[in-house]
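For the numbers below, each heavy atom of this structure counts, side chains included, while hydrogens, waters and symmetry mates do not.
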Number of protein chains: 2
Amino acid sequence: MKMAQLSAESDTPVATIKFYLRENLLAGGERTSPNQASYNTGHLRRIRLVRGLIDVGGLSVAAARRVIEAIDSELPLPETFEIAQRSVSDELDPTAIDSSALARVDGLMAGWHVSANNPGRLAAASVLETFDQIGHVDHRGWFAGYAAAALLVADADLDEVDALPDREAKAEMVVVGTVLGDALFSGLRRAAQEHISLLRYPYPNHEITEPTKE
Amino acid sequence: MKMAQLSAESDTPVATIKFYLRENLLAGGERTSPNQASYNTGHLRRIRLVRGLIDVGGLSVAAARRVIEAIDSELPLPETFEIAQRSVSDELDPTAIDSSALARVDGLMAGWHVSANNPGRLAAASVLETFDQIGHVDHRGWFAGYAAAALLVADADLDEVDALPDREAKAEMVVVGTVLGDALFSGLRRAAQEHISLLRYPYPNHEITEPTKE
DNA sequence: AGTTATAGACAGTGAAGCTATCCGTTAGTT
DNA sequence: AACTAACGGATAGCTTCACTGTCTATAACT
């Protein structure tokens with residue numbers, strides 16, 4: 001496959017593919033002459049993965065490069081998992097986070113074995129800190145519901161990884177699951193919100209029988 | 001309160017506050033003379049809200065403006081909810097989404113009352129489409145776990161909104177809950193992943209007894 | 001022989017989110 | 001009254017990010 005076809009099948013401009021090559025998001029094709037190379041379906045899949053991570057998962061190019069390197073590496077799965085987690089979370093300074101918020105997060109995760117610098121733990125604490133700052137108090141019951149749901153989802157995540165045969169497949173699932181899982185969940189959550197709110201307040205002002213065009 | 005104090009207490013540069021004023025994320029202070037104004041704690045809270053939405057929730061300035069206008073408006077709650085949902089989701093063209101992916105999402109949400117153009121439904125479908133494109137098939141069991149968890153969370157969301165007294169408080173909770181709820185859940189999910197993975201594979205190569213510094 | 005495609009280098013673009021500078025007032029201090 | 005610091009408002013500039021476009025020399029099709 002040549003560049004033009006790769007571009008057509010991935011629906012990605014040639015200039016963008018060249019950019020991904022420069023950024024090491026994509027390995028070069030097999031050389032057939034000094035200024036010609038041929039690409040295979042692996043390249044095509046990789047471009048689609050990159051675009052999925054960036055467009056759907058919302059990763060930056062730098063984060064996408066990190067997780068792709070983690071897939072391609074021979075690192076053990078836990079390390080790959082950690083790279084995926086760190087790449088989707090923005091780096092937080094643990095010392096900058098309110099200790100009361102941290103303590104409350106740890107309370108939500110009572111009985112969980114989680115390391116102190118788990119990026120999710122820090123991110124959750126900074127969310128709780130934000131609630132404090134804008135004057136929201138005592139959402140404990142609400143937070144507890146989130147913790148229960150997170151446990152459920154994490155269990156499903158691990159099931160799915162366990163079902164795969166080899167390290168490469170597992171590693172890709174870990175990365176893709178971590179990145180796209182967030183997007184999937186928040187989408188389903190919004191849909192569920194509409195459903196539940198219609199359950200509780202049947203037909204307020206709302207049109208549901210005829211889905212409208214935007 | 002004058003500008004300097006507002007800046008100090010919100011830990012936000014004066015130039016940034018002026019930027020927020022220009023962008024209508026923040027109302028002007030009460031005029032005391034042609035070039036002087038005084039701000040109150042409402043302004044302070046608002047700045048913290050804006051920074052929470054942008055820094056923690058990851059909203060763009062434009063999205064933050066939309067949701068803040070929705071809070072301040074007198075729109076009924078369902079409309080406010082919808083604005084919040086649309087502001088945190090990127091706008092997707094329904095016609096551009098693979099119909100098989102949409103059908104599978106609808107399968108996951110069997111029994112739910114969700115309008116066809118719910119942004120979460122479309123977002124979830126585009127995630128499923130991405131899985132297809134990178135050659136992942138049959139994650140149905142996994143997806144189903146997500147749908148169940150989403151229902152749980154949405155129920156908790158509505159409980160929390162119901163508990164509040166007036167429209168203004170409810171509206172702010174809707175917006176803040178929608179935006180920060182995503183961040184909270186994904187944080188807790190990452191922590192839960194570490195916990196579950198340690199439960200299943202006790203102490204792989206991993207250090208958990210002594211949390212390390214980055 | 002002539003058009004088109006290619007690899008690779010590099011400069012340029014446009015959006016986003018601030019940040020800095022300037023101006024003419026006003027407030028507070030001395 | 002004089003002086004300094006802070007203010008509101010306008011405008012320009014900065015930095016990062018994710019591309020996008022242009023160029024050259026070579027190779028491939030027709």
Side-chain angles (χ1 to χ4, degrees), chain A residues 1-40 43-44 46-68 87-88 90-91 179, chain B residues 1-40 43-44 46-68 87-88 90-91 179:
Chain A
M1 194 189 316
K2 284 193 284 183
M3 181 56 88
Q5 195 185 347
L6 189 63
S7 164
E9 296 210 19
S10 64
D11 196 29
T12 303
V14 171
T16 303
I17 296 179
K18 287 183 174 188
F19 171 67
Y20 290 163
L21 285 166
R22 277 200 305 284
E23 292 287 321
N24 288 311
L25 294 172
L26 181 65
E30 198 189 343
R31 272 293 126 67
T32 59
S33 75
N35 74 335
Q36 300 282 295
S38 97
Y39 305 90
N40 54 41
H43 291 93
L44 185 54
R46 178 52 59 90
I47 291 176
R48 298 214 251 240
L49 173 61
V50 168
R51 294 193 73 91
L53 294 175
I54 292 176
D55 295 347
V56 180
L59 290 200
S60 67
V61 166
R65 180 171 44 237
R66 282 195 300 272
V67 299
I68 279 177
S87 297
V88 294
D90 10 324
E91 202 59 63
V179 176
Chain B
M1 194 189 316
K2 288 193 284 187
M3 181 54 91
Q5 196 185 345
L6 191 62
S7 163
E9 296 208 21
S10 64
D11 197 30
T12 303
V14 171
T16 303
I17 297 179
K18 288 184 174 186
F19 171 68
Y20 290 163
L21 285 166
R22 277 200 305 283
E23 292 288 320
N24 288 313
L25 294 172
L26 181 65
E30 198 189 345
R31 270 295 126 67
T32 60
S33 75
N35 76 333
Q36 300 282 295
S38 95
Y39 306 91
N40 54 40
H43 291 92
L44 185 55
R46 178 53 57 92
I47 292 176
R48 298 214 253 240
L49 174 61
V50 168
R51 294 193 69 92
L53 294 174
I54 292 176
D55 295 345
V56 180
L59 291 200
S60 67
V61 165
R65 181 170 45 237
R66 283 195 299 273
V67 299
I68 279 176
S87 297
V88 294
D90 11 323
E91 203 59 62
V179 176

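Atom CD1 of Ile17(B) is separated from atom CG of Leu25(B) by 12.0 Å, given to the nearest 0.5 angstrom. A distance of 8.0 Å separates CZ of Arg31(A) from OG of Ser33(A), quoted to the nearest 0.5 Å.
In this entry the distance linking CG of Leu25(A) with P of dC17(D) reads 14 Å, nearest Å. Between the CD atom of Glu23(A) and the C1' atom of dG8(C) there is a distance of 15 Å, rounded to whole Å. At whole-Å resolution of the value, CD in Glu30(B) and P in dC7(D) are 17 Å apart. dC18(C) atom C1' lies 12 Å from atom CG of Asp55(B), rounded to whole Å. The separation between Asn24(B) atom CG and dC18(C) atom C1' is 17 Å, rounded to whole Å. One atom, CD1 of Ile47(B), and another, C1' of dG17(C), lie 16 Å apart when rounded to the nearest Å. The CE-C1' distance, from Met3(A) to dA28(D), rounds to 16 Å in whole Å. As a whole-Å value, the separation of Leu21(B) CG from dT11(D) P is 16 Å.
Between Arg31(A) and the phosphate of dA27(D), there is no side-chain N or O to OP1/OP2 separation shorter than 4.0 Å. Considering only side-chain N and O atoms, Tyr39(B) lies under 4.0 angstrom from the phosphate OP1 or OP2 of dG8(D). One finds a side-chain N or O of Tyr20(A) lying less than 4.0 angstrom from the OP1 or OP2 phosphate oxygen of dC19(D).
Against DNA chain D, the stretch residues 6-19 of chain B makes heavy-atom approaches under 4.0 Å through Lys18(B).
In terms of heavy-atom proximity, Ile54(A) sits nearest to Ala64(A) at CG1-CB, 4.1 Å. The heavy-atom pair separating Ala63(B) from Ser87(B) by the smallest distance is CB-O, 3.5 Å. Nearest heavy atoms, Gly57(B) versus Val179(B): CA-CG1, 3.6 Å. In this structure, Ala37(B) and Thr32(B) approach most closely via the heavy-atom pair N-OG1, 4.1 Å. Scanning all heavy atoms of the two residues, the minimum distance from Leu6(A) to Ser10(A) falls at O-OG, 2.7 Å. Of all heavy-atom pairs spanning Glu9(A) and Leu44(A), the tightest one is OE1-CD2, 3.6 Å.
Exactly one residue among Lys2(B), Met3(B), Glu30(B) makes a side-chain contact (heavy atoms from CB on, under 4.5 Å) with Tyr39(B). That residue is Met3(B).
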Within the sub-3.5 Å range, which N or O atoms of nucleotides 10-16 of chain C have a protein N or O partner, and how far apart are they?
unit_1, atom_1, unit_2, atom_2, d
dC10(C), N4, Arg22(A), NH1, 3.3

Could you write out each protein N or O paired with an N or O of nucleotides 23-27 of chain C at a distance under 3.5 Å?
unit_1, atom_1, unit_2, atom_2, d
dG24(C), N2, Asn35(B), ND2, 3.1
dT25(C), O2, Asn35(B), ND2, 2.6
dT26(C), O4', Asn35(B), OD1, 3.0

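Side chains of Asn40(A) and His43(A) form a contact here, defined as non-hydrogen atoms less than 4.5 Å apart. Counting heavy atoms from C-beta on, the side chains of Val50(A) and Glu23(A) never come closer than 4.5 Å.
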